[in-house]
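Reviewing the structure listed below.
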Amino acid sequence: MRFSIEGSEPVFAGHYPDFPIFPGVCVVECVHRAAIAAAPGTGSGLSLAALESARFTGPVFPGDVLTVTADWTAVEGGWKCSATASTERGESATVRLRYREDRG
């Protein structure tokens, strides 16, 4: 999944003035949204249970396109998503999220 990171994003206003960088928490949110969109089944029966790890390896700047690729693994009670976020300059982050299956 791809996300266009617009320079008008409000998060840029206070995050490193005069040298805006997309905050890491926003990268994790993009990964979460991409994961839910590509989750096994519909993804609607999954809830985020944990951010297991996040490693930020490169900046994301205004005007970048952030591409997220994700792999899913079944675990007890849910799923684990291992994802990579990257821009045209290369890798920006690796993120591992764990999801639980909601029992309705």
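- Val75 and Ile36 are members of different hydrophobic clusters when ILVMFWY side chains are connected at heavy-atom separations under 4.5 Å.
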Identify every side-chain donor-acceptor pair in residues 24-35 under 3.5 Å, counting partners at least two apart or on other chains, and give the distances.
| residue | atom | partner | partner atom | Å |
| --- | --- | --- | --- | --- |
| Glu29 | OE2 | Arg33 | NE | 2.9 |
| His32 | ND1 | Tyr99 | OH | 2.8 |

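- Taking the side chain as every heavy atom from C-beta outward, Phe12 and Phe61 never approach each other to under 4.5 Å.
- Atom-to-atom distance recorded for Thr67:OG1 and Arg2:CZ is 4.0 Å, nearest 0.5 angstrom.
- Side-chain contact between Trp79 and Leu46: present, with at least one pair of heavy atoms (C-beta onward) separated by less than 4.5 Å.
- Using a 4.5 Å heavy-atom threshold, the side chains of Val60 and Ile21 count as separate.
- The heavy-atom pair separating Gly7 from Pro62 by the smallest distance is CA-CB, 3.6 Å.
- For the atom pair Ser47 OG and Glu101 CD, the distance stands at 10.5 Å (nearest 0.5 Å).
- Annotation: side chain of Glu88 is in contact with side chain of Asp64 (closest heavy-atom distance under 4.5 Å).
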- request: Start with the C-alpha distance between Glu91 and Ser86, add both sets of side-chain angles, then the distance that settles side chain to side chain donor-acceptor pair (under 3.5 Å), and finish with yes or no.
  value: CA-CA 4 Å; Glu91 185 180 285; Ser86 59; over 6 Å; no
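- For Phe22 and Phe56, the ring centers are positioned 6.0 Å apart or more.
- Within the structure, salt bridge (charged side-chain N to carboxylate O under 4.0 Å, His left out) pairs that include any residue of residues 67-83 comprise Glu52-Lys80 (at least two apart or interchain).
- A donor-acceptor pair under 3.5 Å is formed between the side chain of Thr87 and the backbone N or O of Arg89.
- Scanning all heavy atoms of the two residues, the minimum distance from Trp72 to Pro40 falls at CD2-CD, 3.4 Å.
- If you chain together hydrophobic residues whose side chains sit under 4.5 Å apart, Val95 and Leu48 fall into the same group.
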